[in-house]
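The block underneath contains the structure these notes are about, expressed in structure tokens.
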Amino acid sequence: MKKVLQFSGLIAAVIAVVAFVLLLATPGIVYANGNLSYSYDGNAVLFGSTTNIIGSLNATTKGAVIALIGWILIIIAFLGLVFGFILPMVKKDLSKAAGMLNLCAAICLIVAGIMLFFTLPSYASANGWNNTDNCGLGAGWVVAGILAIVAGACALCPTIANFVGKKK
């Protein structure tokens, strides 16, 4: 178990990269109503776009602030996890700092994962939509949100093990 806990930060970083790629590569918001269906790609949902809809409809939209903050938190958490993995290899005295980096990265990943599930209302609000009937979060974004939370939980494992394993 101790061997696996050593690499939990690296495992969490790999899972965070998968979530990051899913946010950019998959449709963020999908709309389906009868024969009409289209989707807003991930980049358009994050940053806004003028040609954002896959299909026949083109429009200028603004990005979802909540999704962008979640995306930035995933980047920050990834960097924290990588540095948290490298620091103890460089110098043994930095293991406590690496633990703090992993803890901060885990919190960032969990918050980012939760924020991703609020993308649809944020995007609708930014673009002045009256309702979001027949709209939903894309499957890739749902998986990315779940993976971000799982990566955060994975990064928390050594901290929890240290907390539970302490003797008074």
Side-chain angles (χ1 to χ4, degrees), residues 1-30 40-49 62-126 132 135-168:
M1 182 70 171
K2 193 124 175 136
K3 286 275 192 196
V4 174
L5 288 177
Q6 278 182 315
F7 296 106
S8 66
L10 191 61
I11 293 167
V14 170
I15 295 171
V17 166
V18 173
F20 176 80
V21 169
L22 281 173
L23 290 177
L24 295 174
T26 60
I29 295 175
V30 294
Y40 296 84
D41 66 348
N43 290 326
V45 173
L46 286 171
F47 309 113
S49 180
K62 298 174 186 170
V65 175
I66 294 289
L68 184 61
I69 292 170
W71 183 75
I72 291 170
L73 284 174
I74 290 174
I75 294 171
I76 291 169
F78 171 74
L79 293 173
L81 289 169
V82 169
F83 284 125
F85 183 74
I86 292 173
L87 283 178
M89 291 181 186
V90 174
K91 195 172 182 183
K92 282 288 186 193
D93 297 345
L94 298 175
S95 62
K96 290 202 185 272
M100 287 304 293
L101 275 174
N102 281 347
L103 180 63
C104 291
I107 292 169
C108 284
L109 283 169
I110 291 170
V111 169
I114 292 169
M115 289 176 85
L116 290 177
F117 291 112
F118 293 102
T119 299
L120 181 59
S122 175
Y123 191 74
S125 174
T132 56
C135 289
L137 207 55
W141 278 55
V142 171
V143 171
I146 292 169
L147 286 178
I149 294 170
V150 168
C154 187
L156 272 179
C157 285
T159 305
I160 293 171
N162 286 341
F163 181 72
V164 170
K166 294 234 181 202
K167 298 189 180 182
K168 293 185 178 186

Check against side-chain contact (heavy atoms from CB on, under 4.5 Å), Phe117 and Val142: CA-CA 7 Å; Phe117 291 112; Val142 171; 4.1 Å; yes

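Closest non-hydrogen pair, Gly113 versus Ala148, comes out as CA-CB, 3.7 Å. When all heavy atoms of Leu23 and Ala144 are compared, the closest pair comes out as CD2-CB, 3.8 Å. Cys108 and Ala77 make their closest contact through CB-CB, 3.9 Å (heavy atoms, listed as atom of the first residue, atom of the second, distance). Closest approach of Ala98 and Gly84 over heavy atoms only: CB-O, 3.2 Å. Pairing each heavy atom of Cys135 with each of Leu120, the nearest pair is O-CD2, 3.8 Å. Across Gly152 and Ala106, no two heavy atoms sit closer than the pair O-CB, 3.3 Å.
Results of the side-chain contact (heavy atoms from CB on, under 4.5 Å) test with Leu68 over Ile66, Ile72, Val65 single out Ile72 as the only residue that passes.
With values rounded to the nearest 0.5 angstrom, Leu147 atom CG is found 9.0 Å from Ile74 atom CD1. Separating the CD1 atom in Ile76 from the CH2 atom in Trp71 is a distance of 10.5 Å, to the nearest 0.5 Å. The CG atom of Leu73 sits 6.0 Å away from atom CE of Met115, with the distance rounded to the nearest 0.5 Å.
Thr132 has its side chain out of reach of Ile29: every pair of non-hydrogen atoms, C-beta onward, lies at least 4.5 Å apart. Under the 4.5 Å side-chain criterion, counting only non-hydrogen atoms from C-beta, Leu109 is not in contact with Ile149. Here the side chains of Leu81 and Leu10 are not in contact, with every heavy-atom distance at 4.5 Å or above.
Thr26 contributes a side-chain N or O that, together with a main-chain N or O of Leu22, makes up a donor-acceptor pair within less than 3.5 Å. Proximity of a side-chain donor or acceptor of Thr119 to a complementary backbone N or O of Leu116 within less than 3.5 Å is detected.
Taking the centre of each ring, Tyr40 and Tyr123 come in below the 6.0 Å mark.
Around the CZ atom of Phe47, the shell of radius 6.0 Å holds more than 12 heavy atoms that belong to other residues, nucleotides or ligands.
Classification of the Phe7-Phe85 ring pair by plane angle, with boundaries at 30° and 60°, yields tilted.
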